[in-house]
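Note that the structure is predicted; figures quoted are calculated from it, not measured. All values below were derived from every heavy atom in this structure, side-chain atoms included, with hydrogens, water molecules and symmetry-related copies excluded.
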Amino acid sequence: MLVKAASTMVDSSVITFARFFFGIVFLGLFMLLKDGRIQLRTKLTWIWLGALGKSINYLFENLAISIGFAYGNILVPPIQTVTLLLISTLWFKEHISSRGWMAAGLCIMGVLFISWNGQPLDILWSGNGLTTLLFALSGIGAAIHVLSQKMLIKDMDTGNMNFSVFFWCSVLMAIPLPIQSEGFVGPITGSAWLALIGLGLITGLSFYWFAEAIRRVPFAMAVIVGNSMVLFTILWSFLFLEESITRYIIIGTIIFLAGLLLLNLPSGKPAAAKKKPIENAV
């Protein structure tokens, strides 16, 4: 919703940079008040991979939302989930249960249903196909970021890990701005500025709070609650932006929510759960 509001004033490149820039400002202030110091890390490979993944995530997500519908963002979680499953299998050689692959299949089916939206195929590939590709790339980037968190959390605390990653994200996104960005593309308004600042606020603090929440509640519960953003995205795009929500989008959402629930609900086998840390990392 905030990306859509900010896109009336600036282009997607500026939005991406601003999310990280204001994000580290708010996160940095929070950490100074909480701990009195900030540690910026540079020499860890996973810091840079996490920064690259999150930059890809926000860059393509902001671009897709700017040119398409706000509810398209709901495609990111299932694509991220499927990507993490593939990484878990191909890289970490972890066993994925039949239930995991079934859940992945439901996620993909839901994505395809939403992308189709009942339209003729020629219209789909000329319009929705592009935004679907952008959201798919965004989901892959988000998965790389989650993977970096999994690797970094062993050696870093939540605050400094996120601050370091987002700081270098802002640097990466600032470098091409003079060349590729059109800057201000619409009227300068207070609401658009508030949207940019709000994006930074939720970017900087939400990842910190989510990581801390995981320490306090069952992980499956945290994942399921986190993925409820899908429902709010559809509801708010309808209520505030008056975007059309068709029965195909509703059916597709139900299908991939079923996939996410199937993937993340406890199996009743604690021993097996310990062997699959990435399968639930969404």
Side-chain angles (χ1 to χ4, degrees), residues 1-3 12-13 15-17 19-20 23-24 27 46-66 68 70-92 103-104 107-108 110-111 114-115 131-153 158 161-162 164-170 172-173 199-200 202-211 213-214 219 222-230 232-233 253 256-257 259-260 263-264 277-282:
M1 296 295 297
L2 294 174
V3 169
S12 59
S13 297
I15 294 174
T16 304
F17 167 74
R19 291 181 79 166
F20 292 126
I24 60 175
L27 181 58
W46 283 107
I47 289 286
W48 290 101
L49 288 176
L52 179 62
K54 201 60 188 173
S55 297
I56 291 172
N57 172 209
Y58 278 171
L59 178 64
F60 289 114
E61 179 182 87
N62 294 335
L63 179 59
I65 292 175
S66 297
Y71 63 69
N73 184 52
I74 65 179
L75 302 180
V76 174
I79 293 172
Q80 176 183 317
T81 300
V82 173
T83 302
L84 286 168
L85 278 175
L86 292 175
I87 292 174
S88 178
T89 302
L90 299 177
W91 188 357
F92 290 94
C107 289
I108 295 173
V111 168
I114 293 169
S115 301
T131 56
T132 299
L133 174 62
L134 293 174
F135 279 123
L137 293 172
S138 175
I140 293 172
I144 295 173
H145 176 241
V146 169
L147 182 61
S148 75
Q149 287 186 309
K150 169 185 167 57
M151 305 303 292
L152 289 171
I153 202 67
T158 303
M161 175 185 70
N162 284 326
S164 297
V165 169
F166 290 152
F167 178 87
W168 295 116
C169 282
S170 66
L172 289 175
M173 290 297 97
L199 281 168
I202 61 175
T203 297
L205 299 183
S206 64
F207 285 96
Y208 178 91
W209 287 333
F210 183 76
I214 293 173
F219 190 77
V223 169
I224 292 171
V225 172
N227 281 307
S228 66
M229 58 83 67
V230 170
F232 288 106
T233 300
T253 301
F256 78 67
L257 275 178
L260 290 174
L263 181 64
N264 291 299
I278 298 182
E279 181 173 334
N280 288 334
V282 181

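Residues forming a ring pair (Phe, Tyr, Trp, His ring centres under 6.0 Å) with F60 (at least two apart in sequence, or on another chain): none.
The minimum heavy-atom distance linking L137 with I56 is given by the pair O-CG2, 3.6 Å. Scanning all heavy atoms of the two residues, the minimum distance from V76 to A142 falls at CG1-CB, 4.5 Å. Heavy atoms only, all atoms of each residue included: G204 and L27 are closest at O-CD1, 3.4 Å.
By the 4.5 Å heavy-atom criterion applied to side chains, R19 and V3 are counted as neighbours. Residues I144 and L52 form no side-chain contact, since every pair of their non-hydrogen atoms from C-beta on lies 4.5 Å or further apart. Counting heavy atoms from C-beta on, the side chains of H145 and N57 never come closer than 4.5 Å. Counting heavy atoms from C-beta outward, L172 and F20 have side chains that stay 4.5 Å or more apart.
Interatomic distance, S55 OG to F17 CZ, rounded to the nearest 0.5 Å: 11.5 Å. The CG atom of N162 lies 12.5 Å from the CH2 atom of W209; values are rounded to the nearest 0.5 Å. Remark: S138 OG to L133 CG distance equals 11.0 Å, nearest 0.5 Å. Remark: C169 SG to W48 CH2 distance equals 9.5 Å, nearest 0.5 Å. Between the CD1 atom of I202 and the CG atom of L2 there is a distance of 5.5 Å, given to the nearest 0.5 Å. Distance check, rounded to the nearest 0.5 Å: OG1 of T16 to CG of L59 gives 5.0 Å.
For S170 (side chain) and F167 (main-chain N/O), a donor-acceptor pair under 3.5 Å exists by modelled atom type.
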Q: Please lay out, stage by stage, how E61 and L134 fare under the test side-chain contact (heavy atoms from CB on, under 4.5 Å).
A: CA-CA 7 Å; E61 179 182 87; L134 293 174; over 6 Å; no
Q: Let me see the working for I47 and L152 under side-chain contact (heavy atoms from CB on, under 4.5 Å), right down to the final yes or no.
A: CA-CA 8 Å; I47 289 286; L152 289 171; 3.7 Å; yes
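Considering I15, T203, L199, L63 in turn, T203 is the only one that fulfils the side-chain contact (heavy atoms from CB on, under 4.5 Å) rule with Y58.
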